[in-house]
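Beneath this line is the structure, given in structure tokens, with notes to follow.
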Amino acid sequence: MSVQEYLEKHLLSRRIEEAVNAAVRAKAPDPVLFIAGHMRRAAVITRVRARQILDGHGAPAVEVELHTNKAVHRASAAGAGALEGAAADAAGGSERWKILARVVADAVRVINDKVSEALVGMDPQQQAQIDQAIMDLDKARHKAELGANAMLAVSIAACKAGAAEKEVPLYKHIADLVGKSATTLPVPAITVINGGKHAGNALPIQEIMILPVGAKNFEEAMQMGSETYHHLKDIILEKCGSDSCNIGDHGKKYDLEFKSTKKSGQNFKTADDMIVIYSQLCSEYPLVSIEQPFDKDDWEHSKKLTTLELCQVAGDDLLMSDPECIKRAVSEYTCNALVLKANQVGTVTEAIEVVKQAKDAHWGVVVSHRSGDTEDSFIADLAVGAAAGQIKTGAPCRGECLTKYNQLLRIEEELGSEGVYAGENWRTVEISGAQDNRSIYG
């Protein structure tokens, strides 16, 4: 490594310049002693260590500890999702867990060796440079070598260290990275009923959520959501029994009886049929958002539904938080909202960029957890700092869900009168803080 490369890697030129400027401002009688002391006080990354932990499903996940010369900052991220293709076909039960454990073990090994070496000496406040160093270690499409979830855990830990060095809350540090001065509390999309393949009932719809847009603040929104959830649970218990209240995880035809033990074989719907059904639901109920209404590859019918302008159409598997997919969807008007799952992106910097991309298109943004998330509450701060307007983190139960909601309650209390709840502007909160448009989610 040349002298110039060493200086650039450790940002020494900038750090020395900052120390000299501080000495001048302080009119230090002994500038050399002052500069040496100032350099020692500045935080630098000294080590990055990773380990395997368990996520909300008891599955292997990555946790990272980022050490500076001042403190240790911990972060974790949910797994990248279910196994696909041949791995999914071959894996069942315990075998699937073994495969995930091997993936996590590989990620831990790479973080402890390559990632730690690449980040040692860097300033934790320089999020973009840190994330670039991480990305340089995995140039494969979809972060296939290191894994987007492992990269995100390192990136989040660095973000927390940067906030600590600036002595500001994490959401404020994120707002600075976004380039935004104001902060906005998101409207929570609170799951009240689970269905689909992840729940033990016959409902074909994966999630039914409520959005308390009429609440005066986030605390009241959570009260509305939590009370509705528990009251609805009591009603379902009384009418349908305890089996209906298990907590869920989360050219084609759609089988609306795919979970029924008494299939008629007659309830298959085409994508055009589903558009009719969605239209009827929107006219009969205060339905304001539909997430992933069609197969992940069905761009045609997603566009047809979006152009009807019945409600927000949020792209999840359709987009995979991929900038190229978002660009195409904006161009073709395939949907009008992004479901942001940060571990699909890979780093904090990339997550911020896709939020900006969606906001520039006047889209809604739903910062989302993952099924089987960890107890890390980072996405709560991300939703506030990036002014997303919406957050989806499950039902008001289970620790990995509640930790995000509770962090948002703390943030609102800390902000006091400066805290603005997105409310009726849940779809149209802008990065700049200005907004307005017609609001429409359930």
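Keep in mind the model is a prediction, meaning the values are calculated, not measured.
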With side chains defined as the heavy atoms from C-beta onward, is the minimum distance between [X] and [Y] less than 4.5 Å?
{"X": "Y405", "Y": "S226", "answer": "no"}
{"X": "L308", "Y": "C282", "answer": "no"}
{"X": "L415", "Y": "L185", "answer": "yes"}
{"X": "V178", "Y": "V355", "answer": "no"}
{"X": "R51", "Y": "R74", "answer": "yes"}
{"X": "K304", "Y": "H301", "answer": "yes"}
{"X": "E220", "Y": "P212", "answer": "no"}
{"X": "L318", "Y": "K296", "answer": "no"}

Between [options], which is the residue that forms a side-chain contact (heavy atoms from CB on, under 4.5 Å) with [X]?
{"X": "V365", "options": "Q390, K359, Q357", "result": "K359"}
{"X": "L340", "options": "I391, D316, V354", "result": "V354"}
{"X": "N343", "options": "I156, N149, I379", "result": "N149"}

Spacing of [X] atom [atom1] and [Y] atom [atom2] [to the nearest 0.5 Å]:
{"X": "M209", "Y": "L287", "atom1": "CE", "atom2": "CG", "answer": "10.0 Å"}
{"X": "T306", "Y": "Q312", "atom1": "OG1", "atom2": "CD", "answer": "10.0 Å"}
{"X": "Q129", "Y": "L119", "atom1": "CD", "atom2": "CG", "answer": "11.5 Å"}
{"X": "T347", "Y": "L152", "atom1": "OG1", "atom2": "CG", "answer": "8.0 Å"}
{"X": "E167", "Y": "K172", "atom1": "CD", "atom2": "NZ", "answer": "13.5 Å"}
{"X": "K114", "Y": "I134", "atom1": "NZ", "atom2": "CD1", "answer": "14.5 Å"}

Can you see whether [X] engages [Y] through a side-chain donor-acceptor pair at a distance of less than 3.5 angstrom?
{"X": "E63", "Y": "S76", "value": "no"}
{"X": "Q127", "Y": "S155", "value": "yes"}
{"X": "Q280", "Y": "E284", "value": "no"}
{"X": "Q292", "Y": "Q206", "value": "no"}

Considering all heavy atoms, the nearest [X]-[Y] contact:
{"X": "N336", "Y": "C311", "value": "ND2-O, 3.7 Å"}
{"X": "P186", "Y": "A383", "value": "CG-CB, 3.9 Å"}
{"X": "A61", "Y": "A77", "value": "CB-O, 3.9 Å"}
{"X": "L402", "Y": "C397", "value": "CD2-N, 3.8 Å"}
{"X": "E412", "Y": "N217", "value": "OE2-CB, 3.2 Å"}
{"X": "A107", "Y": "V62", "value": "CB-CG2, 4.1 Å"}

Is the number of heavy atoms from other residues, nucleotides or ligands within 6.0 Å of [atom1] ([X]) greater than 12?
{"X": "E413", "atom1": "CD", "result": "no"}
{"X": "K166", "atom1": "NZ", "result": "yes"}
{"X": "H230", "atom1": "NE2", "result": "yes"}
{"X": "I277", "atom1": "CD1", "result": "yes"}

_Assess the residue pair N112 and R49 against the criterion (side chain to side chain contact (heavy atoms under 4.5 Å, CB included)); give the C-alpha distance rounded to whole Å, side-chain angles, the decisive distance to 0.1 Å, and a yes or no._
CA-CA 5 Å; N112 289 342; R49 303 301 296 171; 3.6 Å; yes

Would you say [X]'s side chain and [Y]'s backbone share a donor-acceptor pair under 3.5 angstrom?
{"X": "Y421", "Y": "E219", "result": "no"}
{"X": "N69", "Y": "V44", "result": "yes"}
{"X": "T183", "Y": "V384", "result": "no"}
{"X": "K160", "Y": "L170", "result": "no"}
{"X": "T334", "Y": "S302", "result": "no"}
{"X": "D273", "Y": "T270", "result": "yes"}
{"X": "T403", "Y": "S377", "result": "no"}

_Any carboxylate oxygen within less than 4.0 angstrom of a Lys/Arg side-chain nitrogen, looking at K356 and D360?_
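Salt bridge absent between K356 and D360.
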
*asked:* Between K404 and D373 (salt bridge meaning N to carboxylate O under 4.0 Å), is one present in this structure?
replied: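 Between D373 and K404 there is a salt bridge, with a charged N closer than 4.0 Å to a carboxylate O.
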
_Please determine whether side chain to side chain contact (heavy atoms under 4.5 Å, CB included) holds for the pair E207 and I193, giving the CA-CA distance in whole Å, both sets of side-chain angles, and the decisive distance to 0.1 Å._
CA-CA 6 Å; E207 292 170 305; I193 300 177; over 6 Å; no

_Checking V348 against F378 for the side chain to side chain contact (heavy atoms under 4.5 Å, CB included) test, could you report, in this order, the C-alpha distance in whole Å, the side-chain angles of both residues, the deciding distance, and whether it holds?_
CA-CA 10 Å; V348 173; F378 174 78; 3.8 Å; yes

*Is there a side chain to side chain donor-acceptor pair (under 3.5 Å) between E414 and Y171 once you walk through the steps?*
CA-CA 11 Å; E414 184 174 291; Y171 63 85; 2.6 Å; yes

*Please walk me through it: do L305 and M274 pass side chain to side chain contact (heavy atoms under 4.5 Å, CB included)?*
CA-CA 9 Å; L305 181 62; M274 293 304 299; over 6 Å; no

